[in-house]
Amino acid sequence: QVQLVESGGGLVQAGGSLRLSCAASGSTFSINVMGWYRQAPGKQRELVARISSGGGTYYVDSVKGRFTISRDNAKNTVYLQMNSLKPEDTAVYYCNAVNLTYGEWRPAFGSWGQGTQVTVSA
């Protein structure tokens, strides 16, 4: 089993920055691609960024150019640097490993961490 612990969220004004961290422990040998998800109130959880073990990245259009995902494989930690934050970025942010299944990136682990709340005020 893998345990995921997210941290780094908070309350910021629009235009501000935050850096999220996700520490993985347990059976991390199975992890290749890691992703950051977010879930806003009343909305489905969405994958906003992912990074492969080799460093290849992908971003959803709404965060492209503002968010940067990175990882430290030695520390089993993934980061999400969020700049130029907007009120619409307000959500609980989660990390998970992701797998490409039937042409769609899906969370690899059924259990999620507690997430970290990001609130952006206008």
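For reference, positions follow the sequence shown, starting with 1.
Looking only at side-chain heavy atoms (C-beta outward), V118 and T90 stay at 4.5 Å or farther from each other. Side-chain contact between V33 and N99 is absent, with no heavy-atom pair separated by less than 4.5 Å. Counting heavy atoms from C-beta on, the side chains of W36 and I51 never come closer than 4.5 Å. In this structure, the side chains of R38 and R45 stay at 4.5 Å or more apart for every pair of heavy atoms. For the pair M82/R66, no side-chain contact is recorded, criterion being any heavy-atom separation below 4.5 Å from C-beta on. The shortest side-chain heavy-atom distance between I69 and V78 falls under the 4.5 Å cut-off. Counting heavy atoms from C-beta outward, C22 and M34 have side chains that approach closer than 4.5 Å.
Side-chain contact check for Q117 and T119: at least one donor-acceptor pair (N or O, by modelled atom type) lies under 3.5 Å. R50 and Y58 form no side-chain donor-acceptor contact under 3.5 Å, judged by distance and modelled atom types alone.
In this structure, S111 OG and Q3 CD are separated by 7.5 Å, a value rounded to the nearest 0.5 Å. Atoms OG and OH, on S7 and Y93 in that order, are 15.0 Å from each other to the nearest 0.5 Å. Between the CD atom of E6 and the CG atom of L80 there is a distance of 11.5 Å, given to the nearest 0.5 Å. Atom CZ of R71 and atom OH of Y79 lie 11.5 Å apart (nearest 0.5 Å).
Ion pairing of K64 with D61 is present here, as a side-chain N (NZ or NE/NH1/NH2) and a carboxylate O approach within less than 4.0 Å.
Listed by first and then second residue, the salt bridge (charged side-chain N to carboxylate O under 4.0 Å, His left out) pairs that reach into residues 96-107 are E104-R106, sequence neighbours excluded.
Under a hydrophobic-cluster definition in which Ile, Leu, Val, Met, Phe, Trp and Tyr are linked whenever side-chain heavy atoms come within less than 4.5 Å, directly or via other members, Y94 and W105 are assigned to the same cluster.
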Review item, side-chain donor-acceptor pairs of residues 11-19, under 3.5 Å, at least two apart:
{"residue": "S17", "atom": "OG", "partner": "N83", "partner atom": "OD1", "Å": "2.9"}

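The aromatic ring centroids of Y37 and W112 lie less than 6.0 Å from each other.
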